[in-house]
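Have a look at the structure below, then the notes.
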Amino acid sequence: MPASLISRMSHPSMRVVRVLALLVVIAQVLISVTGATVRVTGSGLGCPTWPQCFPGSMVPVEHPEVAALHQAIEFGNRLLAPVIGVIALACLLAAWRARPYRPRLVKLALIMPVGVIVQAVIGGLTVLVNLAWWSVSVHFMASALLIWLATVLFKAAGEGDREPVDVVPRPMRRLLVALVVVTGAMLLVGTLVTAAGPHGGDPDTPRLGLPVPGLVQAHALLVMAYVLLLAVFGAWLRSARPTKALLRTYAAACVLVLAQGTIGSVQYYLGVPEAMVLAHVLLSTVVIIVTALLWCESRNRGPLPSAEADRRDAEPVGASG
C-alpha cells in the first residue's frame, strides 16, 4: 500500500474525528428520544430486569405478563447503548491517533465512552427500582449532559487549541453562564413535570406527588427566563462584533426555543398526547445542542493546528475582505 494511504488510515484527519463526534451527538439524541418512546408507550418494564432482559435471558422471551411490543421497544432502546459505545470508542481512537496530538480533544473524546457506561448503569438502576420517578429524572439529565459534552467535542474537532479569547464582551459571557444555568433548571423541572404526569413508563409506576399545574408553571417561567436572557444577549450582539457562526447559532436558538415553548404549551392543553411528548423531547435535545454551540461560539480558540481553518465563520460580520 502507498505510504500516504497507510498514513491516512493510521492517522485520521480532523474531518474524520468531527464526523464521528457528530455521530455521537446524533446517537445521544436518538437514545433520548427512544427512551421517551419507552416511557410514553408504557414499555419501561418490557425487560423487567438488568443487565438481562428476563432472568436467564439477555434477549426478550415470550411472557404472558409482558406484551411483545413492550419488550421490543424496551430492548430496542437497550440495543442503542452498545451502538453508541462503538461510535464513541471509534471517536476516541480517531482523536488519539490524529496528528498533531491534541490533549484537550482526546480528553473530551474519552468522556464519551465513559459516559455511555455510566448512562447504561443509570438506565439499569432505573429498571431495578421499577422506574421510580427520581431515577428517570436522573437518567434524562445524564443524557442531557452527554449531549452537551458531545456537542463541545464536535466543536473542538473543528477549532484550534489556543487559550480561548472571548468573541463577545465579558458581561455577555456572564449572561451566557446564566443562560446555561437556566437551561439546566428548565430541563430538570421538565423531568419533574413528566414525573408527576401520566407517562411513567409503566401503569403501576408511582408518580411524583406534586400538582402538575404548579410544576408546569415553574417550567414555563424558566422557559420565559431563557427567552428573556436570549433577547438581552441579542440586544447586546448589536453593539458587539459577532462572528457569522455566532449569529447563525443565536438565530437558531431563538427559533428553536420558541418552537419548543409552543409545542410544550400545545401538548399540555391537549392532555400530553404521546406524539407531541416525543416531539417535545426531541426539541429539548436540540435546544441543548444549540445552547452548547452558543456557549462555544462565544469564544475563539484559533484555527486548526494541522491545517488552514475555514476563516469565513471566524470573520466578523461586515469586515472587509
Side-chain angles (χ1 to χ4, degrees), residues 23-24 26-88 113 115-147 187-188 190-209 212 263 267 270-285:
L23 290 177
V24 174
I26 294 171
Q28 286 292 350
V29 169
L30 184 61
I31 200 168
S32 296
V33 175
T34 57
T37 304
V38 171
R39 193 175 67 241
V40 300
T41 58
S43 305
L45 295 178
C47 287
T49 187
W50 187 87
Q52 296 179 323
C53 182
F54 281 86
S57 175
M58 295 296 295
V59 299
V61 295
E62 186 174 353
H63 196 285
E65 296 181 1
V66 184
L69 178 61
H70 290 173
Q71 292 186 40
I73 292 173
E74 164 64 6
F75 188 68
N77 179 248
R78 290 191 182 193
L79 285 179
L80 280 177
V83 173
I84 298 176
V86 169
I87 298 172
V116 170
I117 295 172
V118 173
Q119 191 179 38
V121 171
I122 294 174
L125 291 175
T126 299
V127 172
L128 295 178
V129 297
N130 294 319
L131 311 180
W133 66 265
W134 55 266
S135 65
V136 177
S137 294
V138 170
H139 196 198
F140 179 81
M141 293 304 293
S143 295
L145 178 60
L146 286 174
I147 291 171
L187 293 170
L188 178 59
T191 68
L192 298 183
V193 174
T194 300
H199 301 300
D202 187 82
D204 298 325
T205 299
R207 314 306 297 133
L208 174 62
V212 172
I263 288 179
Q267 74 162 358
L270 292 180
V272 287
E274 289 81 356
M276 294 203 72
V277 171
L278 296 181
H280 194 59
V281 171
L282 174 60
L283 274 181
S284 294
T285 63

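Just so it is clear, the model here is predicted, and its values are computed rather than measured. Each residue takes its place number in the sequence, starting with 1.
Under the side-chain hydrogen bond (donor to acceptor under 3.5 Å, both in side chains) criterion, Thr285 pairs with no residue at all, not counting sequence neighbours. For Val212, the side-chain contact (heavy atoms from CB on, under 4.5 Å) test picks out Ala196, Val216, Tyr268, with sequence neighbours left out. Under the rule for a side-chain contact (heavy atoms from CB on, under 4.5 Å), Val86 has no partner lying at least two apart in sequence or in another chain. With sequence neighbours left out, the side-chain hydrogen bond (donor to acceptor under 3.5 Å, both in side chains) criterion links Ser143 to Gln119. In this structure Ile26 satisfies the side-chain contact (heavy atoms from CB on, under 4.5 Å) test together with Leu22, sequence neighbours excluded. Applying the side-chain hydrogen bond (donor to acceptor under 3.5 Å, both in side chains) test to Ser137 and every residue at least two apart in sequence or in another chain returns Thr191. By the side-chain contact (heavy atoms from CB on, under 4.5 Å) test, Leu80 is found to be paired with Leu30, Ile31, Thr34, residues two or more places apart in sequence or in another chain being considered. Not counting sequence neighbours, the partners of Phe54 by the ring pair (Phe, Tyr, Trp, His ring centres under 6.0 Å) test are His63. Scored by the side-chain hydrogen bond (donor to acceptor under 3.5 Å, both in side chains) test, Ser43 finds Thr41 as partners (sequence neighbours excluded).
The two residues Ala27 and Ile87 come nearest to each other via the heavy atoms CB-CD1, 4.4 Å. In plain terms, the two heavy atoms of Gly35 and Asn77 that are nearest each other are N-ND2, 3.3 Å. Taking both residues in full, the closest heavy atoms of Met276 and Leu270 are given as SD-CD1, 3.8 Å, listed atom of the first, atom of the second, then distance. Smallest separation of non-hydrogen atoms from Gln28 and Val116: NE2-CG2, 4.0 Å.
Within the structure, no pair that satisfies the salt bridge (Lys or Arg N to Asp or Glu O under 4.0 Å) test touches residues 38-65, not counting sequence neighbours. The salt bridge (Lys or Arg N to Asp or Glu O under 4.0 Å) contacts involving residues 66-80 comprise Glu74-Arg78, where partners must be two or more places apart or lie in separate chains. For the ring-ring contact (aromatic ring centres under 6.0 Å, His included) condition, no pair includes a residue of residues 120-141, sequence neighbours left out.
In this structure, Leu69 and Ile73 have side chains that are in contact, with non-hydrogen atoms separated by less than 4.5 Å. The side-chain heavy atoms of Ser32 and Ile147, taken from C-beta on, include a pair separated by under 4.5 Å. Put simply, the side chain of Leu45 reaches to within 4.5 Å of the side chain of Val127, judged on heavy atoms. With a 4.5 Å cut-off on side-chain heavy atoms, Asn130 and Asp202 do not count as touching. Two residues are said to be in side-chain contact when any heavy atoms from C-beta on lie closer than 4.5 Å; Leu278 and Thr37 meet this criterion. Between Val59 and Cys53, every side-chain heavy-atom pair lies at or beyond the 4.5 Å cut-off.
Here the CE-CG distance, from Met141 to Leu187, works out to 5.0 Å after rounding to the nearest 0.5 Å.
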